[in-house]
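First up is the structure itself, then whatever we jot down about it.
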Amino acid sequence: MKLPIVLSIAGSDNSGGAGIQADLKTFCAFRCYGTTAITCIVAEHPGKVKSIEPVPPRSVQEQIELVAEAFPVAAFKTGMLYSQEIIEAVLQSIETHLNGVPFVLDPVMVASSGVSLLQPQAIEMIHKLLIPRATVVTPNRDEAALLWGKPILNLTSMREAGLDLSHRYQVPFLMKGGHLKTDQAIDLLFTQEGEESFIVPRIPNVDPHGTGCTYSAAMTCGLAQGLKLKESIREAKRYITGAIENHFESRGYQVLNHFSSLH
Ligand code: PXL
């Protein structure tokens with residue numbers, strides 16, 4: 001039996017809820033074969049980030065190169081990229097080894113605890129160089145506001161931002177509304193064909209760390225399995241909603257259950 005090959009280019013979260021660790025668990029739950037290129041080692045738990053150690057860009061490049069040499073990557077995602085140097089390394093590797101492969105860009109900028117996961121000078125490079133190559137970009141409310149340049153306060157401004165951004169880059173944008181104060185968790189996809197909404201009832205008072213990473217990893221699996229973008233998002237939304245619903249608590253922290261779909 002052949003498993004679809006997926007690759008995550010992201011940071012390591014030792015606490016296992018976000019980053020590469022979340023991605024690998026998600027890849028398993030979707031029965032995909034996960035590979036990784038680690039960009040940073042973050043020492044953290046759901047409530048705080050203690051330190052960030054960037055991996056040398058040459059190593060990031062080699063990790064991608066060697067994965068691509070041995071495996072026909074069917075889809076990949078990027079998460080925490082942190083610095084201009086790492087973004088440059090990733091960009092070069094993508095162009096050389098992953099040209100034309102479906103690419104989910106999760107524009108990770110800030111951890112749930114509020115710590116910055118992307119140096120401010122590097123935001124510009126994400127705009128100019130990475131977004132145009134993506135199959136879909138998946139910003140949350142705050143990331144979308146930074147990319148758009150204006151605050152997003154409600155569904156109306158989220159829609160306006162999504163229309164603007166998808167036109168500007170000619171790339172699909174999935175605007176995640178989880179952080180808006182609406183009764184439902186509403187995500188809006190903007191493509192050349194128009195707008196599509198993905199709506200589930202909000203699960204009140206639950207906000208575990210790593211939801212964005214997990215959601216984009218799930219989308220990557222759908223694309224690797226040959227689903228269309230909308231179907232990948234629908235399946236991914238079902239998966240992340242289950243992982244949130246069936247979260248568990250550890251020493252006062254809410255933790256995503258990446259395996260709820262397997263029970
Ligand atoms: O949730 C964003 C995120 C992405 N990647 C890594 C992280 C985090 C949040 O803490 O640690 C590695």
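The chain is numbered in sequence order, starting from 1. Both ligands and their constituent atoms are indexed starting at 1 by order of listing.
Residues Tyr215 and Asp187 bring a donor and an acceptor atom of their side chains to less than 3.5 Å of each other. No side-chain N or O of Glu160 forms a donor-acceptor pair with one of Thr156 less than 3.5 Å apart.
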Please tabulate protein-ligand N/O pairs under 3.5 Å for ligand 1, atom names and distances to 0.1 Å.
residue  : atom   : partner : partner atom : Å
ligand 1 : 10 (O) : Glu44   : OE1          : 2.7
ligand 1 : 11 (O) : Glu44   : OE1          : 3.2
ligand 1 : 11 (O) : Glu44   : OE2          : 2.2

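Of all the heavy atoms in Gly11 and Gln21, the pair that sits closest is O-OE1, 4.4 Å.
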Which atom pairs, one a donor and one an acceptor, fall under 3.5 Å between side chains of residues 71-81 and the rest of the protein, sequence neighbours left out?
residue : atom : partner : partner atom : Å
Lys77   : NZ   : Asp23   : OD1          : 3.0
Lys77   : NZ   : Asp23   : OD2          : 3.2
Lys77   : NZ   : Cys213  : O            : 3.2
Lys77   : NZ   : Ser216  : OG           : 3.0

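Pairs of residues two or more places apart, or lying in two chains, that qualify as side-chain hydrogen bond (donor to acceptor under 3.5 Å, both in side chains) and include a residue from residues 79-89 are Ser83-Glu85. Listed by first and then second residue, the side-chain hydrogen bond (donor to acceptor under 3.5 Å, both in side chains) pairs involving residues 32-48 amount to none (not counting sequence neighbours).
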